Structures are given as C-alpha cells and as structure tokens.
There are 2 protein chains.
Amino acid sequence: MRMSELLGERYKEKPADCTVESHALMVRGGYIKQVNTGVYTLLPPGKRITTKIERIIREEMDRIGGQEVLFPVVLPADLWKESGRFTSVGKELVRLTDRWGADMVLGMTHEEAAVHLARDAAKSYAKYPFMIYQIQTKFRDEPRARGGLIRVREFTMKDAYSFHTSQADLEAYYARCYEAYERIFKRAGCKNVIAVLSDSGMMGGKVSHEFMLLTAIGEDTLVICDSCDFKANLEAAPSVVDNSAFGAEEPLTLVPTPEMATIEEVAGFLHKPHTSACKAVVYQKNADDSYVIAFVRGDLEVHETKLRNAIGAEIHPGVITPESGIVAGFIGPMGLDAKKITVVFDRSLEGIGALVCGANKADHHYTGFNIARDYGNVTYLDIAKATPGGICPVCGKKTLRVSNGIEVGNIFQLGTKYTKTMNMQYLDENGELQYPIMGCYGIGVGRLAASVCEESHDEYGPIWPISLAPWEAQICVLRADQGEPKRVGEELYAALTKAGVETIIDDRPVSAGVVFSEADLIGAPIRLTVSPRNLADGMIELTTRDKSVKRQVPVAEALTAVLALKQELFDRIEGTL
Amino acid sequence: MRMSELLGERYKEKPADCTVESHALMVRGGYIKQVNTGVYTLLPPGKRITTKIERIIREEMDRIGGQEVLFPVVLPADLWKESGRFTSVGKELVRLTDRWGADMVLGMTHEEAAVHLARDAAKSYAKYPFMIYQIQTKFRDEPRARGGLIRVREFTMKDAYSFHTSQADLEAYYARCYEAYERIFKRAGCKNVIAVLSDSGMMGGKVSHEFMLLTAIGEDTLVICDSCDFKANLEAAPSVVDNSAFGAEEPLTLVPTPEMATIEEVAGFLHKPHTSACKAVVYQKNADDSYVIAFVRGDLEVHETKLRNAIGAEIHPGVITPESGIVAGFIGPMGLDAKKITVVFDRSLEGIGALVCGANKADHHYTGFNIARDYGNVTYLDIAKATPGGICPVCGKKTLRVSNGIEVGNIFQLGTKYTKTMNMQYLDENGELQYPIMGCYGIGVGRLAASVCEESHDEYGPIWPISLAPWEAQICVLRADQGEPKRVGEELYAALTKAGVETIIDDRPVSAGVVFSEADLIGAPIRLTVSPRNLADGMIELTTRDKSVKRQVPVAEALTAVLALKQELFDRIEGTL
C-alpha cells in the first residue's frame with residue numbers, strides 16, 4: 001500500500017468528543033469514522049486489524065474443535081419468545097417488523113439461533129460434544145456508547161456455543177476454551193488480560209468468567225486478591241466481613257435524632273462506629289414499582305446487580321413518595337410493612353449484637369437493635385460491594401484490591417436454560433430423552449482492537465503488536481522529490497512486499513514532519529527511513545515503533561534485517577504462549 | 001474433519017418445499033437451514049464454501065486496487081434521506097427506530113455509507129481514483145424469497161464503490177472491474193456466466209451490466225444475439241422492428257366491431273395482421289393512480305420496467321373503473337383526455353401507414369389510423385419487449401434468442417447521483433469544486449454458492465469445483481469396523497491433511513450405501529475409497545465426483561496421486577482464466 005493511495009485522512013488535533021485516548025488515536029489515524037451513535041465504519045487500516053484478529057480467533061476456535069457457521073443478523077421473534085428473552089430483555093434488543101408485520105429482532109447474541117440449528121442436528125448422544133461458532137455483526141441498542149469501539153451499538157463478535165451431555169464434559173471443554181482465550185489475547189499482543197469470575201446476568205447459567213484487559217479507563221471494577229488467585233468482577237465478588245468483634249448485645253432503645261438523616265450525622269451524634277449502623281437503601285421493582293429496601297452495614301455499599309440477582313427481579317433506585325409511608329432518613333427494619341415492601345438484609349449485618357437503625361418515625365433511631373432478637377430469623381444475602389483491603393472470600397486474607405478493566409471476552413456455563421425452554425433433546429445411551437448442557441463464549445472483535453490500542457500507544461499514535469498491525473513495516477521516504485531516496489524506497493518496497501512483509505510506503509512529497517507523524521499514527525512496528533543523509537553513507541535507518549530498536553543498516557542488508565526483526569517480533573509474542 | 005463430528009444431518013428425501021434442485025441438495029446435504037422466510041443459517045459445509053468465495057473475491061478486488069472497509073449494517077435514516085432513497089425505495093428497505101426513537105434502516109446497499117465515508121477522505125483530485133469494498137450482511141425485505149440461497153432476504157454481499165474525476169476514468173476502471181468479475185466467476189468454477197446490459201433501476205446511473213449464470217431456473221430473461229456480441233437483460237434490451245413493408249396509408253374509417261375486445265378477434269374479423277394493430281395496455285401511476293395508456297404494435301408486448309423508466313414514474317397494472325371514461329377493449333389514441341391520461345407510443349408503431357385501433361367507443365374500432373396524420377407528432381419511446389427471432393439492435397440481424405439466467409453479480413456506472421444529492425465534492429487541478437463520478441459493483445456470496453450448485457450437480461448431490469468445495473478430498477472407509485480399512489483410512493487422512501489437502505473422512509460404522517450417498521451430498525471433488533476388497537490387493541480406489549477419473553492406486557502412492565489430481569483440478573480452472 002502507498003500512503004498516497006490509502007483512503008482516509010490523518011489528523012493532528014485530538015477530536016473534541018474523544019475522552020478515551022485510543023478513541024482519539026483511531027479517529028486521528030483514519031481507522032474509524034462514526035456513522036451514528038455507537039456505530040462506526042472501519043476504514044482500511046481498521047479493517048486490516050480486525051481481519052487479523054478474526055484470523056487468530058478462527059485458528060484458536062478451530063484448534064479446540066470449533067465448527068464455523070453463520071447465523072442470521074435478523075432473527076424471527078418467535079425464537080426469542082421460545083427462550084423467553086423477547087420479553088425479558090429490555091431496549092437493548094431491537095425489535096422490528098417485516099413487510100408482512102411479522103416480529104423480528106436484531107441478533108445481539110445467538111443462543112436461540114444456536115439451539116434452533118443444533119436441535120435438529122444432534123438428536124443422539126453420539127453427536128456430542130460439539131462446538132459451533134460464528135464471527136458476525138451484532139446490534140445491541142446500548143444506551144451508553146462511549147470510547148470509540150470500546151462500547152458500541154453495532155459490533156463484530158465471535159460467539160461460540162458448545163453442547164454437552166454432562167456437566168463434567170462441559171467443565172472440561174470450558175477449561176479448554178479458557179486456555180484458547182488466553183492464547184487469543186496473547187497472540188493479539190495483549191499484555192494485561194486476566195480472567196475474573198463474573199455475573200452471568202441475562203445469559204442465565206452459573207459459572208462464568210470475563211477476560212479483562214486492565215486499564216484505568218475500563219468501565220468494569222475488578223476485585224483481585226494479592227495473596228491468592230481470586231479475581232472477580234465487583235458484581236460477582238462475594239463481600240466478606242468479620243463481625244466477631246461486634247457481638248455484644250445492648251438493650252433496644254428509641255432515641256431522638258432530630259434532623260439527623262445520614263449515617264455520618266447519626267453515628268457522630270451517638271458516638272458509634274459506622275460498622276454498627278444498619279443502613280437502608282431504597283429501590284423499586286421495574287415490574288410494579290413496589291419498594292425493595294436493602295439493609296447493609298453502615299460502612300459498606302449495596303451493589304445493585306448483586307441485589308437484583310439476589311431477589312431475582314429487575315430494579316431501579318427508589319423514589320420515596322409521601323404516600324409510601326416510608327420515612328426518608330429514618331428507615332429501619334422494625335415496623336416496615338413486609339407485605340408491601342421486599343426487605344433484604346446483607347450478610348454484613350449478621351452477628352452484630354447492637355445496631356443503630358432508623359425507627360420509621362421522623363427524627364428517631366433505635367440503638368441496641370439486634371436483628372435476631374428484635375426482628376426475627378432472616379436470611380442474610382450477599383448484596384454488598386467488596387472493598388479494597390477487604391477479606392478475600394477464598395483465602396480469607398485482607399488483601400483485596402480493586403482495579404479497572406475492559407471486558408474483551410467472556411465464557412459462560414449456561415446449563416440447560418436454553419435447551420429446556422426451546423425443547424432441545426437428545427437420546428442418551430439408555431434411549432432416554434435428555435436436555436443438553438450448553439456453554440457459550442464471546443469475544444468482541446472491534447473492542448479488542450481498541451483495547452490493544454488503549455494498552456499500547458504513546459502520545460503520537462498506536463504501537464501495534466506485529467500480529468495486529470495494519471502493516472508490519474512502513475517505509476518513510478524523506479525528500480521523495482529527489483531521485484535517489486525515491487528509487488531506494490521503491491526498491492525496498494518491492495523487495496519487502498515480495499518477501500511477504502506487509503508494507504506501506506510513504507513517498508509523498510511532504511515534509512519529514514508529516515511523514516513521521518503520520519507513520520506514528522499508522523503504528524507499523526517496523527520502520528525503514530530512507531533519507532538523503534543516510535543514503536550518502538549507503539545506509540537506511542531501521543527502527544521499531546516501540547523505540548526498542550534504532551540502528552543504521554546498509555541498503556543491501558535491509559531486507560534481511562527486516563525479515564529478522566519481523567521474526568523476532570513474532571517470537572516475542574510466541575514466547576508468551 | 002470427520003463425518004462423525006460434522007454438525008448437521010444429511011437427508012435422503014427431497015424436502016417438499018424445494019422446487020429448485022440446488023435448494024433441495026443444499027438442505028439435504030446439511031449446508032443450510034431455514035430460520036425465517038428467506039433467512040438461513042449456514043452450517044459448516046455451507047460456511048466453508050462461502051468463505052472460499054469471499055477469499056476469491058477479496059483477492060480479485062485487491063488486485064484491482066480495492067481497499068477493504070466495513071460499513072454498518074444498521075444505518076441512520078438521515079443518510080438515506082440525503083440521497084432521497086428513504087422515501088423512494090419501497091418496503092424492501094427495512095425501517096426501524098432505536099431506543100431514542102431515531103429512524104434507522106437496515107443496509108440493503110451502501111452507496112450512502114460509501115459517500116459518507118469518502119466525502120471526508122477525498123477532498124482533493126490527487127486522491128482519485130479509488131475503490132473501496134466490503135463483504136457484509138445485508139437485509140432486503142424481498143417479497144418473493146425462493147430457491148434457498150438463490151433469492152433471500154438476508155445475504156452476504158460484496159459491494160464495491162469507485163470514485164473518479166472523469167467519465168473516461170470511470171469507464172477505464174469499470175472495464176477493469178468487468179474483467180475482475182469474469183475472473184471471479186471462472187475461479188469459482190462457473191461455466192456459463194455471461195455479462196449482459198442491464199437496467200440500472202433504483203441504483204440510478206446509466207451504463208450497467210449484470211453477470212448472469214445461464215440456467216433454466218433463472219428468474220431473469222436475457223436477450224442474446226447469435227450473430228454479434230449483443231447481450232442484454234430483457235428489461236434493458238431495445239426492441240427493434242422493421243415497419244418498412246407497412247407504410248401504405250388508408251383512409252381513416254370507423255367500423256363496428258361488436259363485442260370484439262381482443263386483438264385476435266378484431267384482427268381476425270377485419271382480416272388484418274397483428275402487426276397492423278395498435279394495442280393499448282393500461283397502467284396507473286403508484287403516486288396518484290392516474291392512468292398511463294401504452295400503445296404498442298399488436299404482435300408485441302409492453303415491458304413494464306421499460307415503460308416505468310421511459311416515463312420516470314412507478315406504475316402498476318391499471319384497473320379500469322366506470323368513472324374513468326376508458327372503454328375497455330376499445331381503447332385508441334384518438335379522443336383520450338391527454339390532460340388526465342399519460343399516453344405513450346412504442347416505437348414499433350412508427351412508420352405504419354394504416355393501423356387498426358380502438359375508437360374509445362363501445363363496439364367500435366378505426367381502420368386506416370395514421371398516427372402522424374390523424375393524431376399528430378408524437379415521441380416514440382422504447383417500451384416493448386424484445387422477441388426471439390427479432391432484430392438485434394447492434395448488428396441488425398434477426399438472430400435474437402431468449403435465455404434464462406440467475407444474476408450473480410452486477411456493475412453500475414452510477415455517475416453523480418449520490419455525490420450530488422449528498423454533496424460530496426473535491427477540488428480539481430484548477431481549485432474548483434467538482435462532484436466525483438461513481439461506480440458500484442456487487443456480488444451476492446450465498447447466491448453464487450447456490451448458483452454453482454445449480455449449474456454443477458447430479459441427482460445425488462452437488463459436484464463442487466475444487467476451488468469452492470467444502471473439502472477437497474473425502475476418504476470413504478468401508479467396513480470401518482474392521483481394523484485394516486480403518487487404519488489405512490486414518491493414515492491417509494493424516495497424510496493428506498499434513499500435505500495441505502482439505503480432507504474429510506467417513507469412518508462411521510455405517511453401510512457402504514450410506515457412506516457413498518452422504519459423500520455425494522458433500523460433493524468433494526476427490527474421493528478415496530478404502531475397502532477390504534481393494535486393500536487385499538494393496539490398493540485404494542481414487543475417483544472424482546464428476547466421474548472423469550476412476551482408478552485403482554497402490555496405498556503407498558495415494559498421497560502423490562491425490563496431490564497430482566488436486567493440482568490438475570485447479571489447473572483446469574486456471575486454464576479458463
């Protein structure tokens with residue numbers, strides 16, 4: 001490719017609407033162009049990167065026995081009605097009708113389509129296990145598109161579905177897929193991807209992992225133990241506290257707390273630590289707006305997703321109306337109408353002898369509140385956020401820390417949620433009908449490209465790993481208006497291309513500053529600079545985009561040097577596998 | 001791949017709903033599964049074929065300087081409003097709204113998206129010409145889905161867009177693309193693809209060609225001259241007649257023709273040939289239901305698309321109401337209200353001295369009607385269907401014949417329709433703003449796969465060309481329950497796979513009949529049969545699916561023989577280029 005022919009402009013200035021560095025660089029470098037909110041066109045350099053990612057994914061999926069298929073983008077709503085997700089999924093699922101008025105949806109994930117395909121094709125146990133995958137466009141009407149390709153509405157995704165006759169077989173395959181994912185991210189040049197336990201959310205199923213690229217701009221909060229292997233998404237991290245020091249009981253006492261509606265005010269006034277407060281957080285169910293009041297130890301916070309999973313209902317932060325009978329600022333367990341209000345206790349409250357809680361009466365709290373004694377037997381649920389410095393649920397040490405990450409992939413043990421609802425069965429060895437057990441496995445292609453850029457760039461542009469770079473080598477010809485640099489540049493371009501090095505040459509009659517700054521935006525790992533000054537000594541300059549190499553090479557040896565360097569860069573990646 | 005692991009069933013019986021042979025075979029062979037009307041999932045063998053087609057297309061697009069991009073599937077309606085197609089295109093265009101109520105469409109073609117991308121990236125003449133292409137999913141809400149992948153609603157398409165600064169430059173590139181298309185279809189193993197002139201339809205623009213695979217099940221009617229190179233879609237074929245023998249005038253005479261409302265009846269009664277009849281065909285404009293009456297020579301037929309293009313309005317067959325004042329069966333030019341009715345004369349009527357036409361009065365016709373003398377000066381338009389045995393518009397010989405074809409690709413010279421409506425401009429050498437001239441170029445990937453199957457099959461299954469076959473070779477192990485056939489089969493499988501021959505092995509403990517009939521449905525061009533009988537002589541049987549090769553080969557020489565045969569089969573295709 002020639003820079004003079006490459007479609008797209010490269011820009012010096014950071015676009016005003018870009019808050020994420022990789023987003024700005026991919027716009028400035030002519031990789032992507034926004035078409036709509038969260039919808040992008042990929043320009044040639046962007047497409048070359050995603051093509052390479054797709055190739056790596058295909059190779060690794062094939063290596064673990066995957067069979068590539070292609071499901072439709074536009075699916076009949078009937079399939080989603082079978083699984084129940086036509087109604088259970090919110091506005092993320094785009095619903096539309098065809099010319100005959102039939103309901104359809106835009107595929108945002110393809111469990112239903114996979115079961116539709118497999119339920120005809122795998123009626124005997126002898127067909128199991130198997131895994132099918134596709135790489136295809138999906139649309140999810142995401143309300144918070146951001147960061148260029150990091151969070152979009154339309155995206156290319158690899159989604160895979162495996163089918164098994166036993167949980168043990170699923171788990172064995174799940175482990176293979178886990179390893180394949182590790183290989184994929186390493187081959188894509190990611191340096192800091194970790195797998196964390198995740199919440200299965202709307203996918204159903206139980207065990208699941210997310211592969212997270214650690215970066216400050218990541219939207220996901222991860223809880224990592226520095227003493228053991230425990231790693232989890234905050235929403236999937238159990239919150240563990242030690243209340244053994246707080247066991248002493250006190251008599252229940254109603255105390256006036258005039259105009260003190262916050263934990264800080266009440267605890268300060270009563271000279272009690274936050275750990276003795278029984279904090280109330282109010283939500284409402286999406287379905288009927290009925291109230292859900294969650295109680296949690298005063299120093300902790302409720303995690304909305306954990307609460308939603310614990311009660312099995314969609315919720316939103318509550319609005320306390322005068323008619324509700326709820327006394328904002330003074331809410332406590334005693335006296336709440338349990339018929340109208342769902343009351344939930346976090347397990348951080350278990351074992352505390354004497355709590356401070358609201359009295360459901362303006363300007364009053366109780367002290368000495370003991371849940372078992374004063375309220376009754378309750379089931380404590382895990383709905384609080386784990387905290388930095390908190391107790392690891394696996395090793396028990398207080399070595400949790402919190403980090404941010406971008407989810408670049410996920411794997412789920414789905415179980416029989418879809419095979420049961422969609423009535424997919426097979427005959428087992430004994431001639432009996434059984435429901436297959438499923439796993440599913442996703443990777444967002446464009447998000448991975450953007451994540452790699454986010455992890456690997458400097459202020460001048462992306463520093464692409466050689467496995468993803470749009471071009472492996474860039475030839476920068478300085479003073480292309482002079483015969484000699486132009487001639488040598490062209491010869492090198494022909495030689496490198498012939499030798500299988502993906503090369504782009506910049507032979508435009510522009511200043512060295514423009515040549516270099518645009519080369520930085522293209523981010524090819526290997527750079528050859530052909531300038532009159534070096535040529536006077538019969539040399540070209542060979543550098544790497546990551547600045548680890550910078551040396552003069554005789555023109556005649558340039559091809560050999562580039563081939564060796566390319567091999568070395570690939571070897572570096574291979575070495576991580 | 002192993003047949004025992006390949007996902008999908010193969011069926012003996014032809015599905016009841018399949019009227020097209022390739023459709024039946026692709027269902028029976030486990031290539032496709034219908035998900036919705038005109039919407040299919042591709043199973044692994046189907047996906048392998050389309051992947052190969054996509055690779056061939058990419059190579060040929062890259063060879064003519066194409067740059068691959070990826071446009072969105074879901075486009076903002078605003079872009080289609082800019083071009084005017086949001087309103088001008090009918091229900092084929094799926095319209096939907098997002099969570100915020102914004103109008104969107106499902107891309108059925110991407111001229112708007114291409115201009116949206118290019119108008120920022122090509123503001124100077126120095127950037128021209130360039131061509132961008134994508135291979136992606138499209139959805140067109142086609143009312144007449146049929147024939148499996150032949151005519152669908154959702155499909156994978158390669159669409160390419162070129163931009164030029166002069167018509168001459170467009171034409172030069174158009175010719176290169178034409179050649180690339182010829183190479184693509186030959187490399188895909190098509191034997192009977194021809195390029196025909198086509199109607200540009202809703203795409204706008206003037207010159208366009210369709211690449212047609214000739215087959216009896218084709219929905220398109222093609223007009224081909226056996227004396228010269230003329231080939232056109234019926235809707236784009238000029239109709240040429242010779243009226244030099246019919247020049248003699250006669251006096252205009254009103255004659256009673258009681259209850260004779262057809263050309264046959266009137267011509268028979270008056271002893272006149274059909275060529276002297278001025279036949280009326282009634283349409284109505286979609287926009288306002290106003291009438292359009294087309295007159296054509298009695299032996300010819302009006303082509304609705306040609307008429308639509310000639311008058312520049314969407315039309316449908318007319319319904320004659322009592323209020324219309326039109327006298328069905330007795331319609332003629334004289335006396336029609338030209339203010340209310342659009343009157344069109346086909347050029348087949350030009351130069352006829354004496355016509356028979358309706359008198360716009362029940363049970364009456366005129367004889368001796370002369371258009372110029374009795375009606376006035378009219379502009380004759382070309383709205384009739386060309387006919388077999390008719391006059392070629394290029395060489396003038398009466399050597400036209402009619403054939404059927406499936407459109408497997410098309411190329412259009414679009415002109416400035418989209419760049420003008422969407423205000424894409426560049427600065428020319430003189431610093432003046434100009435509109436680029438566009439071309440666009442499409443190939444339906446799935447339809448091509450189905451068309452090749454339609455062209456190349458027997459009653460037992462597809463006979464895939466080696467360039468598209470899901471597997472190049474199939475090893476059929478007979479009596480796989482015996483040690484020796486199984487062992488030799490496995491060794492050959494390992495050796496062929498290692499040598500780069502894409503191989504599928506059938507080692508299931510099933511009957512020879514099942515092995516062979518399913519191998520026929522898979523359609524691998526090379527087959528190795530490993531049976532106890534041949535092994536007794538140290539041989540395997542090497543055959544081709546097209547039955548051109550059938551011989552015994554010593555086991556030790558099988559690999560060499562297969563490699564040579566594979567090369568020969570590829571050489572056969574190369575030889576056509």
Side-chain angles (χ1 to χ4, degrees), chain A residues 1 4-9 30 33 35-37 39-44 46-48 50-51 65 67-76 78-79 90-92 94-100 102 104 106 113 116-118 120-123 126-127 130 132 134 136-137 139 141 143 153-154 156, chain B residues 1 4-9 30 33 35-37 39-44 46-48 50-51 65 67-76 78-79 90-92 94-100 102 104 106 113 116-118 120-123 126-127 130 132 134 136-137 139 141 143 153-154 156:
Chain A
M1 176 54 71
S4 55
E5 292 175 358
L6 176 63
L7 185 75
E9 294 283 330
K33 181 175 178 187
V35 181
N36 202 350
T37 305
V39 179
Y40 290 83
T41 285
L42 297 184
L43 277 79
K47 182 68 184 87
R48 292 178 69 97
T50 58
T51 298
Q67 299 187 45
E68 188 172 358
V69 301
L70 187 68
F71 298 120
V73 170
V74 182
L75 294 164
D78 284 348
L79 287 181
K91 286 185 175 176
E92 291 75 32
V94 175
R95 293 148 174 98
L96 64 158
T97 54
D98 70 7
R99 62 161 63 228
W100 298 295
M104 307 191 297
L106 296 186
H116 174 264
L117 174 63
D120 276 357
K123 292 182 172 172
K127 290 272 187 179
F130 60 92
I132 48 182
Q134 66 165 351
Q136 218 222 28
T137 304
F139 195 93
D141 201 354
R153 298 201 290 170
E154 180 170 323
T156 299
Chain B
M1 177 54 69
S4 54
E5 293 176 357
L6 176 63
L7 185 76
E9 293 285 328
K33 180 176 179 188
V35 180
N36 201 350
T37 306
V39 178
Y40 290 84
T41 285
L42 297 185
L43 278 79
K47 182 67 184 88
R48 290 178 70 98
T50 59
T51 298
Q67 299 186 45
E68 188 172 359
V69 299
L70 187 69
F71 298 120
V73 170
V74 182
L75 293 164
D78 285 349
L79 288 180
K91 287 186 176 175
E92 291 75 32
V94 175
R95 294 149 174 97
L96 64 158
T97 55
D98 69 9
R99 62 162 61 228
W100 298 295
M104 308 191 296
L106 296 186
H116 173 264
L117 174 64
D120 276 358
K123 292 182 172 171
K127 289 273 188 179
F130 61 91
I132 48 183
Q134 68 165 350
Q136 219 223 26
T137 305
F139 195 94
D141 202 354
R153 298 201 291 171
E154 180 169 323
T156 299

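Bear in mind the structure is a predicted one, so any value in this text is a computation, not a measurement. Per chain, numbering begins at 1; letters A, B, ... match sequence-line order. Only this structure's heavy atoms are used, side chains among them; waters, hydrogens and symmetry mates stay out.
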Student: Are side-chain heavy atoms of A:Val94 and B:Leu96 found at a separation under 4.5 Å?
Tutor: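 SC-SC contact between A:Val94 and B:Leu96 confirmed.
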Student: Let me confirm one number: the NE2-OG1 distance from B:His116 to A:Thr41, rounded to the nearest 0.5 Å.
Tutor: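 Result: 7.0 Å between the selected atoms.
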Student: At a heavy-atom separation under 4.5 Å, does B:Phe130 approach chain A through its side chain, its backbone, both, or neither?
Tutor: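 B:Phe130 touches chain A through side-chain heavy atoms alone.
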Student: Mind checking what makes salt bridge (charged side-chain N to carboxylate O under 4.0 Å, His left out) contact with B:Glu92, not counting sequence neighbours?
Tutor: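 Here the qualifying residues are A:Arg99.
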Student: Side chain from CB out, backbone as N, CA, C, O: work out which of these in B:Leu106 comes under 4.5 Å of a heavy atom of chain A, or both, or neither.
Tutor: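 It is the side chain, since no backbone atom gets that close.
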Student: Considering all heavy atoms of both residues, which atom of A:Pro76 and which atom of B:Val35 are nearest to each other, and what is their separation?
Tutor: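 Minimum heavy-atom contact is CG-O, 3.4 Å.
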Student: Which bit of B:Glu68 comes within less than 4.5 Å of chain A, counting heavy atoms only: side chain, backbone, both or neither?
Tutor: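 Interface part for B:Glu68: both.
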Student: So which part of B:Thr156 gets closer than 4.5 Å to some heavy atom of chain A, the side chain, the backbone, both or neither?
Tutor: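 Just the side chain, heavy atoms under 4.5 Å.
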Student: Is B:Arg153 in contact with chain A via its backbone, its side chain, both, or neither, using a 4.5 Å heavy-atom distance?
Tutor: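 Side chain only.
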Student: Select, from B:Val74, B:Leu43, B:Thr51, the one with the greatest count of heavy-atom pairs under 4.5 Å involving chain A.
Tutor: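 Of B:Val74, B:Leu43, B:Thr51, B:Val74 has the most heavy-atom pairs under 4.5 Å with chain A.
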Student: I'd like to verify something: which residue of B:Glu9, B:Lys127, B:Met104, B:Lys47 has the highest number of heavy-atom pairs under 4.5 Å with chain A?
Tutor: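 Among B:Glu9, B:Lys127, B:Met104, B:Lys47, the one with the most close pairs to chain A is B:Lys47.
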Student: I need the residue from A:Ala113, A:Pro143, A:Gly90 with the largest number of non-hydrogen atom pairs under 4.5 Å to chain B.
Tutor: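 That would be A:Pro143.
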Student: In terms of heavy-atom proximity below 4.5 Å to chain B, should A:Leu117 be classed as side chain, backbone, both, or neither?
Tutor: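 The answer is both parts of A:Leu117.
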Student: Under a 4.5 Å cut-off applied to non-hydrogen side-chain atoms, are A:Thr137 and B:Val73 in contact?
Tutor: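 Of all side-chain heavy-atom pairs linking B:Val73 with A:Thr137, at least one is under 4.5 Å.
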Student: Locate the shortest heavy-atom distance separating A:Leu7 from B:Gln67; write the atom from each residue and the value.
Tutor: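 For A:Leu7 and B:Gln67, the tightest heavy-atom pair comes out as N-OE1, 3.0 Å.
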Student: Checking B:Asp78 now: which residues fulfil salt bridge (charged side-chain N to carboxylate O under 4.0 Å, His left out) with it, not counting sequence neighbours?
Tutor: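 Counting only residues at least two positions away or on another chain, B:Asp78 forms no salt bridge (charged side-chain N to carboxylate O under 4.0 Å, His left out).
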Student: For residues B:Pro72 and A:Asn36, determine if any side-chain heavy atom of one lies less than 4.5 Å from a side-chain heavy atom of the other.
Tutor: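 No, every pair of side-chain atoms sits at 4.5 Å or beyond.
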Student: Given the options B:Thr97, B:Val39, B:Leu70, which has more heavy-atom pairs under 4.5 Å with chain A than any of the others?
Tutor: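 Maximum pair count with chain A is reached by B:Leu70.
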Student: Quick one: of A:Arg48, A:Gln134, A:Met1, who has the most non-hydrogen atom pairs under 4.5 Å with chain B?
Tutor: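 Result: the option with the highest number of such pairs is A:Met1.
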Student: Does any backbone or side-chain atom of A:Phe71 lie under 4.5 Å from a heavy atom of chain B? Answer side chain, backbone, both or neither.
Tutor: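 Both backbone and side chain.
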Student: Looking at A:Lys91 and B:Asp98, is any side-chain nitrogen of the basic one under 4.0 Å from a carboxylate oxygen of the acidic one?
Tutor: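 A salt bridge is absent here (no side-chain N lies under 4.0 Å from a carboxylate O).
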